[in-house]
Amino acid sequence: MNEKYFPEVIEAKWQQRWDETGAFIARDEDPRAKFYCLEMLPYPSGYLHMGHVRNYSIGDALSWYKRLQGFNVLHPIGWDSFGQPAEQAAIKRGVNPRTWTEENIVHMRGQMKRLGISYDWSREIAAHRPEYYKWDQWFFLKMFEHGLAYKKLSPVNWCPKEGTVLSNEQSSGGICWRCGAAVEKRNLEQWFLRITDYAEQLVADMKEIEEAWPEKVLKRQRDWVGRSVGAYIDFGVQDSDQKVSVFTTRIDTIYGATAVVLAPDHPLISELLEGSTLKDDVQKFAAKVTAAASTSARRDPAEEEIKEGLNSGVLAINPFSGEAIPVWVANYVLMDYGTGAVMSVPAHDERDFEFAQKYSLPIRQVIAPVTHAQQAAEPLSTKGTDQSAEMHQAFTEYGVLINSGEWGGTLSEVAMKEMAERAESKGFGRAAVTYRIRDWGISRQRFWGAPVPIIYCDNCGTVPVPLEDLPVVLPETAEFSGTGESPLAGVAEFVNTTCPTCNRPARRETDTMDTFVDSSWYFFRYTDPRNESAAFDPAIAKRWTPVDQYIGGDSHAVMHLIYTRFWTKFMRDIGLVSFAEPVQKLLTQGMVTNRVEGTEEWKAMSKSLGNGVDPDDMIEAFGADAARLFILFAAPVENELRWIESGIEGAVRFLRKVYTMVWRWQERLSTGQKESAPANADDFTPAARALRRKTHQTIARVTDDFEHLHLNTSVSALMELYNTLADLDAQPSTASASDAFAVREALEGLVVMVAPFSPHIAEELWENLGHSQGLLGSGWAVWPRLDEQWARKEELEIPIQVNGKLRSRVMAGPDVSEEELRKAALADAKVRSFTDGHEVLKVVVVPRRLVNIVVR
RNA sequence: GCCGGAGUGGCGAAAUUGGUAUACGCACCAGACUCAAAAUCUGGCGAGGUCAAACUCAUGUCGGUUCGAGUCCGACCUCCGGCACCA
């Protein structure tokens, strides 16, 4: 062992040893309790950034912690290796996407190994390899078989500059996320997965995870699914046998409906206006606002579109009141939510109110606020409160119905239920739940993805590829012009095939799948990564799943996590797994940001902003151990982490000090007193006694912090333990056998607890302390055992009387007797008194940090 | 606008059930070592006040509960994040 700390030597040594001994390989047959720790799999962009380092440092700390406690830990990694950047590299630089991807993986794997992350590399997977995406295709076919995969004509976001299709997220605000060009709409036949079938479960099953997922993630998922409870109501059309179905969440306001409003692209419009003189005007208007909506997508979401509408001249019949009200067409009604038609109730809906004001439609109040008198079970009056007052804004709360026929005087909550029942019994409506979520469009008109395993035959139509013919292998290469349709369409030997049913010439589907498909089930593949006959063996997966702890950025809080929850529910339905929720606990880590040069702004590190920090530079300058320690110490894991270079020096200093201290003590312990466990507390000198107390308090704190993922404070606790040891170290050594025991206990505890943060140095020091087996190789759990007697801060409750009254709270270590406390309270106490001018109100006694008594 | 979350030193941040506010670290200041610097070590470090102390004031603002409030309650201000015409 060297006297000085050389991180590069220690880290290389242990990384090699871990590799050779397969230290982190998880074994299916290991009988110990399992722990599945998962980090979101990275896209192989070429380089690790500090966000990755933070993610993996958190996951690794937890994995080490669980291993040291004796769990059988699965900690895998892989590559989300399909996707656009590889294809962009092909378009721009003529590189083969496969070559580009494989080279990136090699580089990033090297970076991860230099960081010393404890992955089970034997389970590494990559989405772009046929042995993986074969099972994407298999799942697709299973969904097809169950009617969950279907094709429909659907508008896509088309970037005219790049000539590619963009996802909604990539084109938000109507501009391409990469090139900034205005996005156009085009209609293409696209494959969809029926995630809407699972909308209810996606909301309902949240109760299983609501304790262990961040509230903000659950909320965003809830919003995304957008469940709302209401009713469908059919309005008849005057002089016609047509009817207009509307969806409302406020059926209780239906007597206040003064119009029915259709979305501009509502299919009924042309039918209703057949023969009407207004037909041309309305259709022109509808075409105008539809076009406006698709081209001038809002860039600033804060600016609301102006409401525009046109009276169609048609009248609709309110089925409750029999009243005839005009049918309007307006841009504020959306075709793709509900039925594309609403009943307009200006008095009780803000949007309808605004619309009614603009076009001078009548505003009729039918809900009145509940007064105290009415709440107190007085006979409800059917008269409104304050009918004469003109409304200045919509009253959107629940209340009491007025001007509502037989329901006058009924409470909103009651009326909603009764009116829905009436509608159903009379056959003009029913209670219903609608969702905002849409089916998941998975078609991508690109090369670098898993081909959709479908064949089109002129005879047999759309034919699924037989399971035994999988995988449908992506061709080696294609023509990457960056324009037009999928590059796959230009590869004749791929497209041209024979129909599996009739054997005649047929064409393959040239769309590939969204990469979110790959990432929806990848962590099941880790449990059985080399299986050639199934996505995974359900029996083996059962051994490891569900994931105990998932860690990643909250940029995936909605889509990835919704999709993977959906996928798991489908897997349960086809009998592959037995649970509905794939992830027990979720942690969304904060971003790592850096100051953008020349500004006051802190932004996520990125190449384009030039504020990136290369992890390799960090490792070279400070060592992986220090870099990882600092990134976990600097802020709570869920906070944004502002990267400050000087902070990392503190981490290096700490490790260096621990290193030299262990080195010094190791000599002293080996030449000095034999250590032996003491019979009782009195065998310790006061300094050693204090050390013991600190050791066990630290064990308690660090253990508790790990359970709650408060990694920053556990590092603080370890630093405090070091400081206590260093104070003892500075005193002349008079170590007895008991004191030597206390010192070794503290040193070993410190080293073991440092391991999750800085595993290389911990292994080295553990070896120096005389353990030849390595931290994980000894066959038993080495996480320090907590002696609660010694960790306890509060033990004695001592009544102290003042004027016959008292309240007391006493804090003391286990080695402090009641006598001592009393003495301290009398002799050493710092007494503060407060008066209100006449008499003493209270006394606070604070002796030697042991007692805090408040009496009156 | 709606829904979440957060406001504590120069900075990142601590603070079981309400119980010594500012742990731990960064930066900074002074001293030791050094020809000098770096590194290292020792001490200091919320504000006011004092030779030093006592003491006073400090957890976004104002009020309340309590012997005691960063923590609980009410009102407000500011910042960050998400959503956005979802009927």
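Throughout, protein chains are lettered first and strands after them, A, B, ... in sequence-line order, and every chain is numbered starting at 1. What you see is a predicted model; the values in this text were computed from it and never measured. When reading the values below, keep in mind they use all heavy atoms of this one structure, side chains included, and skip hydrogens, waters and symmetry mates.
By the side chain to side chain donor-acceptor pair (under 3.5 Å) test, A:Thr724 is found to be paired with no residue, residues two or more places apart in sequence or in another chain being considered. Partners of A:Arg664 under the salt bridge (charged side-chain N to carboxylate O under 4.0 Å, His left out) rule, at least two apart in sequence or in another chain, are A:Asp729. Applying the side chain to side chain donor-acceptor pair (under 3.5 Å) criterion to A:Thr258, with sequence neighbours excluded, gives no partner residue. Residues forming a ring pair (Phe, Tyr, Trp, His ring centres under 6.0 Å) with A:Phe235 (at least two apart in sequence, or on another chain): none. Scored by the side chain to side chain donor-acceptor pair (under 3.5 Å) test, A:Lys657 finds no partners at all (sequence neighbours excluded). Partners of A:Arg642 under the salt bridge (charged side-chain N to carboxylate O under 4.0 Å, His left out) rule, at least two apart in sequence or in another chain, are A:Glu640. Not counting sequence neighbours, the partners of A:Phe247 by the ring pair (Phe, Tyr, Trp, His ring centres under 6.0 Å) test are A:Tyr232. Residues forming a salt bridge (charged side-chain N to carboxylate O under 4.0 Å, His left out) with A:Asp439 (at least two apart in sequence, or on another chain): none.
Among the protein residues, A:Val345 comes within range of no part of the nucleic acid, since none of its heavy atoms lies under 4.0 Å from any strand.
Atom CZ in A:Phe633 sits roughly 12 Å away from atom C1' in B:rC11 (whole-Å rounding).
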Distances under 3.5 Å only, N/O to N/O: pair up the protein atoms with those of nucleotides 38-45 of chain B.
none

Check nucleotides 80-83 of chain B against the protein and report each pair of N or O atoms closer than 3.5 Å, with its distance, or say if there are none.
none

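Side-chain contact between A:Phe285 and A:Val329: present, with at least one pair of heavy atoms (C-beta onward) separated by less than 4.5 Å.
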Dot-bracket summary - RNA chain B, pairs being Watson-Crick or G-U whose distances fall under 3.5 Å, with | when paired to another strand: (((((((..(((......[....))).(((((.......))))).(((......)))..(((((..]....))))))))))))....

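Among the nucleotides B:rA87, B:rA14, B:rC24, the one closest to any side-chain atom of A:Ser716 is B:rC24.
Pairs passing the salt bridge (Lys or Arg N to Asp or Glu O under 4.0 Å) check and including a residue from residues 331-349 of chain A, sequence neighbours excluded, read A:Asp336-A:Arg438, A:Asp349-A:Arg351.
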